[in-house]
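A short write-up of the structure that comes next.
Worth knowing before you read on, the calculation uses all heavy atoms, side chains too, and leaves out hydrogens, waters and symmetry mates.
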Amino acid sequence: MHQLYPFVFSFLLVQTAIGSSQLQPGFYSQTCPEAEWIVRQVIRRAMIREPRSAASVMRLQFHDCFVNGCDASLLLDDTPYMDGEKEALSNINSLRSFEVIDEVKEAVESACPGVVSCADILIMAARDAVVLAGGPNWEVKLGRKDSLTASLEDSNRIMPSPRANASYLIELFNSYNLSTTDLVALSGSHSIGEGRCFSIVFRLYNQSGTGHPDLNMDPVYREMLDRLCPLGGDGNVTGDLDATPRLFDNQYFKDLVNERGFLNSDQTLYSGNDQTRKVVQHFSRNQKDFFSAFVEGMVKLGDLQSGQASEIRKNCRVANKPTPGHFVI
């Protein structure tokens with residue numbers, strides 16, 4: 001179980017109050033008016049090539065913003081002097097579609113060199129992935145800058161495990177001023193995409209060290225997962241996170257009610273806590289309310305800012321090389 005480090009979150013929340021006020025819709029309306037259109041077209045093409053990329057692109061916002069704010073630190077490759085976040089426990093062999101973000105950045109740079117940050121590209125791309133998968137549309141606030149560094153240590157400390165229970169997740173989200181409803185709604189991002197067998201073998205064969213499967217699992221569904229993820233099998237084999245993995249809808253919550261959640265951190269929202277169970281039940285019956293709450297949660301998540309030194313990267317994978325007399329703020 002990950003531990004909470006209140007001083008990390010307190011610092012981030014203070015900076016959030018400062019940084020989020022500088023974000024605004026239409027930030028690039030004068031400097032790069034086609035930015036949002038360009039991002040959507042690239043994401044559309046990526047999804048045509050591989051529909052699964054919608055979920056992969058959307059996940060990047062979560063894994064970036066939770067670790068020291070929405071600053072594209074997640075996108076930085078390792079250097080001899082820095083261990084990046086791509087190798088963190090929750091990211092390695094799991095996060096995908098970094099090349100899609102590279103493609104977006106290249107297209108935006110061609111139109112407006114040095115104007116649009118990689119951090120903002122992640123926010124726009126996540127929104128567009130949801131929309132193009134059938135989910136809600138919303139106006140994104142922009143104006144972020146890109147970090148100069150990344151932190152493997154912080155990512156390992158902060159990002160929740162697929163084994164996390166509802167009580168831990170509530171505490172984690174609350175430390176970011178995200179409510180229980182935000183937690184459940186944002187977990188609905190698992191309406192699309194796939195998860196690895198590596199993340200669920202403990203549920204199937206040794207839940208909580210009992211030597212038995214998770215009792216909060218539909219028997220027919222468990223048999224299907226047993227065939228997909230046999231003990232000692234390939235942990236990188238993937239299964240659908242819900243019954244409609246290419247469509248952003250409320251099927252995810254219906255599956256949780258029927259004890260067909262893929263990840264422990266998903267099923268626990270229904271089976272492990274009274275507060276989250278009520279929200280899951282409501283969203284399983286009301287897709288419109290889920291969509292509204294998801295949008296609200298994504299906007300709040302996008303407001304997380306660190307306030308640390310930053311820049312507009314030319315290449316999302318590497319920080320710019322400093323030039324004489326050049327300072328970043």
Side-chain angles (χ1 to χ4, degrees), residues 1 51-52 54-56 58-59 62 90 94 133-135 160-170 173 180-291 293-294:
M1 180 64 66
R52 188 183 169 193
S56 304
M58 179 179 57
R59 287 185 65 202
F62 289 87
S90 61
S94 178
S161 161
R163 301 188 183 201
N165 62 38
S167 297
Y168 172 80
L169 292 171
I170 290 172
F173 273 64
T180 299
T181 298
D182 294 327
L183 161 62
V184 177
L186 290 173
S187 296
S189 63
H190 288 168
S191 168
I192 55 176
E194 301 173 11
R196 293 187 300 154
C197 287
F198 172 82
S199 299
I200 65 165
V201 287
F202 70 96
R203 288 192 71 204
L204 296 176
Y205 306 106
N206 191 27
Q207 177 76 322
S208 302
T210 62
H212 300 287
D214 185 359
L215 296 178
N216 298 307
M217 193 182 301
D218 173 68
V220 174
Y221 182 62
R222 190 186 72 233
E223 289 177 6
M224 183 191 76
L225 293 182
D226 285 342
R227 292 192 296 272
L228 179 71
C229 307
L231 188 63
D234 184 353
N236 288 317
V237 169
T238 60
D240 297 336
L241 290 175
D242 82 348
T244 56
R246 301 291 179 263
L247 178 64
F248 193 97
D249 57 11
N250 69 335
Q251 181 63 46
Y252 164 83
F253 298 105
K254 296 177 182 178
D255 287 350
L256 297 188
V257 171
N258 291 320
E259 296 190 326
R260 286 174 164 255
F262 188 81
L263 299 174
N264 189 79
S265 54
D266 290 331
Q267 190 59 52
T268 186
L269 298 177
Y270 179 76
S271 303
N273 185 276
D274 289 339
Q275 295 179 64
T276 53
R277 180 184 299 112
K278 292 177 182 177
V279 185
V280 169
Q281 288 173 324
H282 178 67
F283 288 161
S284 74
R285 296 188 296 262
N286 194 315
Q287 180 169 280
K288 181 179 179 182
D289 284 357
F290 160 51
F291 279 7
F294 181 81

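Using a 4.5 Å heavy-atom cutoff, the side chains of P245 and I192 are not in contact. By the 4.5 Å heavy-atom criterion applied to side chains, R163 and L263 are not counted as neighbours. Between H282 and K278 there is no side-chain heavy-atom pair separated by less than 4.5 Å. By the 4.5 Å heavy-atom criterion applied to side chains, P160 and Y168 are counted as neighbours. Contact check for N264 versus F202: side-chain heavy atoms found under the 4.5 Å cut-off. By the 4.5 Å heavy-atom criterion applied to side chains, R52 and T238 are counted as neighbours. The closest side-chain heavy-atom distance from T276 to T180 is below 4.5 Å. No side-chain heavy atom of L269 sits less than 4.5 Å from a side-chain heavy atom of V279.
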Walk me through it: do L186 and F173 pass the test side chain to side chain contact (heavy atoms under 4.5 Å, CB included)? CA-CA 10 Å; L186 290 173; F173 273 64; 4.0 Å; yes
Decide yes or no on side chain to side chain contact (heavy atoms under 4.5 Å, CB included) for I170 and N273, but give the supporting numbers first. CA-CA 10 Å; I170 290 172; N273 185 276; 3.7 Å; yes
Report the C-alpha distance between Y221 and N258 in whole Å, list the side-chain angles of each, state the deciding distance to 0.1 Å, and finish with yes or no for side-chain hydrogen bond (donor to acceptor under 3.5 Å, both in side chains). CA-CA 10 Å; Y221 182 62; N258 291 320; over 6 Å; no
Give the C-alpha distance, both sets of side-chain angles, the deciding distance and a yes or no for side chain to side chain contact (heavy atoms under 4.5 Å, CB included) between V257 and R277. CA-CA 9 Å; V257 171; R277 180 184 299 112; over 6 Å; no
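Atom CG of residue D289 and atom OG of residue S284 lie 11.5 Å apart, to the nearest 0.5 angstrom. We find the CG-OG distance between N165 and S265 to be 10.0 Å, quoted to the nearest 0.5 Å. Taken to the nearest 0.5 Å, the OG atom of S187 stands 8.0 Å off from the CZ atom of F62. T210 OG1 to N206 CG: the interatomic distance, rounded to the nearest 0.5 Å, is 5.5 Å. Between the CG atom of D242 and the OG atom of S191 there is a distance of 5.0 Å, given to the nearest 0.5 Å. Taking NE2 of H190 as the start and CG of L241 as the end, the distance is 5.5 Å to the nearest 0.5 Å.
The pair E259-R222 does not count as a salt bridge, with every side-chain nitrogen at least 4.0 angstrom from each carboxylate oxygen.
Two rings, from Y270 and F283, have their centers 6.0 Å or more apart.
Pairs of residues two or more places apart, or lying in two chains, never qualify as disulfide (SG to SG under 2.5 Å) while including a residue from residues 234-285.
Using cut-offs of 30° and 60° for the angle between ring planes, the F290 and F253 rings count as perpendicular.
Heavy atoms only, all atoms of each residue included: D218 and R260 are closest at OD2-NH2, 3.2 Å. Among all heavy-atom pairs drawn from D214 and N216, the shortest one is OD1-N, 2.9 Å. Across all their heavy atoms, E194 and D240 have their closest contact at CG-OD1, 3.8 Å. Across all non-hydrogen atoms, the minimal contact from R59 to S90 is NH2-O, 4.2 Å. Listed here is the closest heavy atom pair of G193 and A55: CA-CB, 3.4 Å.
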For residues 225-235, run the donor-acceptor check on the side chains, cut-off 3.5 Å, and write out each pair with its distance to 0.1 Å, sequence neighbours left out.
{"from": "D234", "atom 1": "OD1", "to": "N236", "atom 2": "N", "distance (Å)": "2.9"}

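Using a distance-only test at 3.5 Å, with no hydrogens or angles considered, a donor-acceptor pair links the side chain of R203 to the main chain of F262.
Each of N250, D249, D255 was compared with T244 under the side-chain hydrogen bond (donor to acceptor under 3.5 Å, both in side chains) criterion, and only D249 meets it.
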